[in-house]
Amino acid sequence: MVPFFVQIKCKLGQSYKVANALAEAEIASEIYSTAGHYDLLVKFYVSEGTDIGHFVNEKVQIIPGIQDTHTLITFKAFGGS
C-alpha cells in the first residue's frame, strides 16, 4: 500500500461536513482538523500502481464543500522499529 496526504481547504462553514463525508466514504485512513491555509489533513492509502491524481480527482475532490486540495506524496517513513 502507498500512503499519501491531502490538505483540504473547505468552503466556509463546511469543514465538519467534509470530514464526515470522507469518514462515511471509508476512503481515508486518518482525518485531522488543522489550522492555517488548509482546514483538513487527510491520510490515504492506495494500492501500488494506483494513479494518485485520478484517485484524488475522482474520490476526494467530488465531495461537496471542498474548495481546494494540495496533495503530498511521501517517499519514506522514518522512526519506529
Q) Looking only at heavy atoms, what is the nearest atom pair of Val46 and Phe4, with distance? A) CG1-CE2, 3.7 Å
**Q.** Any residue meeting side-chain contact (heavy atoms from CB on, under 4.5 Å) with Lys11, in chain and number order, not counting sequence neighbours
**A.** Gln14, Gln67
Q) Short question: side chain of Asp39, backbone of Cys10 - any donor-acceptor pair under 3.5 Å? A) yes
Pairs of donor and acceptor atoms involving the side chains of residues 47-65, under 3.5 Å and at least two apart or interchain, shall be tabulated with distances.
from: Thr50; atom 1: OG1; to: Ser47; atom 2: O; distance (Å): 2.9
from: Asp51; atom 1: OD1; to: Gly53; atom 2: N; distance (Å): 2.9
from: Asp51; atom 1: OD1; to: His54; atom 2: N; distance (Å): 2.9
from: His54; atom 1: ND1; to: Glu58; atom 2: OE2; distance (Å): 3.3
from: Gln61; atom 1: NE2; to: Thr69; atom 2: OG1; distance (Å): 2.8

Q.
Which residues end up grouped with Phe5 if you chain together Ile, Leu, Val, Met, Phe, Trp and Tyr wherever their side-chain heavy atoms are less than 4.5 Å apart?
A. Tyr32, Leu41, Leu72
**Q.** Atom of Ile31, atom of Ala19 and distance for their closest heavy-atom approach
**A.** CD1-O, 3.7 Å
**Q.** Sidechain-backbone polar pair: Thr74 side chain, Pro3 backbone, donor-acceptor under 3.5 Å
**A.** yes
Q.
With rounding to the nearest 0.5 angstrom, report the CD to NZ distance, Glu30 to Lys43.
A. 5.0 Å
Q: Could you go through the side chain to side chain contact (heavy atoms under 4.5 Å, CB included) check for Ile73 and Thr71 one step at a time?
A: CA-CA 6 Å; Ile73 297 179; Thr71 303; 4.3 Å; yes
(Q) Going by side-chain contact (heavy atoms from CB on, under 4.5 Å), name the residues that satisfy it together with Tyr16, two or more places apart in sequence or in a different chain. (A) none
Q: Spell out, yes or no, whether Val6 and Ile66 are grouped together once hydrophobic residues are joined by side-chain heavy atoms under 4.5 Å, including indirect joins.
A: yes
Q | Closest approach of Tyr38 to Thr34 (non-hydrogen atoms, all atoms of both residues) | A | O-OG1, 2.9 Å
Q: In sequence, state the C-alpha distance, the side-chain angles, and the governing distance for Val2 and Tyr45, and then conclude on side chain to side chain contact (heavy atoms under 4.5 Å, CB included).
A: CA-CA 5 Å; Val2 177; Tyr45 284 95; over 6 Å; no
Q: Give a yes or no on this: more than 12 heavy atoms of other residues, nucleotides or ligands lie within 6.0 Å of atom NZ of Lys17.
A: no
Q: Looking only at non-hydrogen atoms, find the nearest pair between Ser33 and Leu40 and report the distance.
A: CA-CD2, 4.1 Å
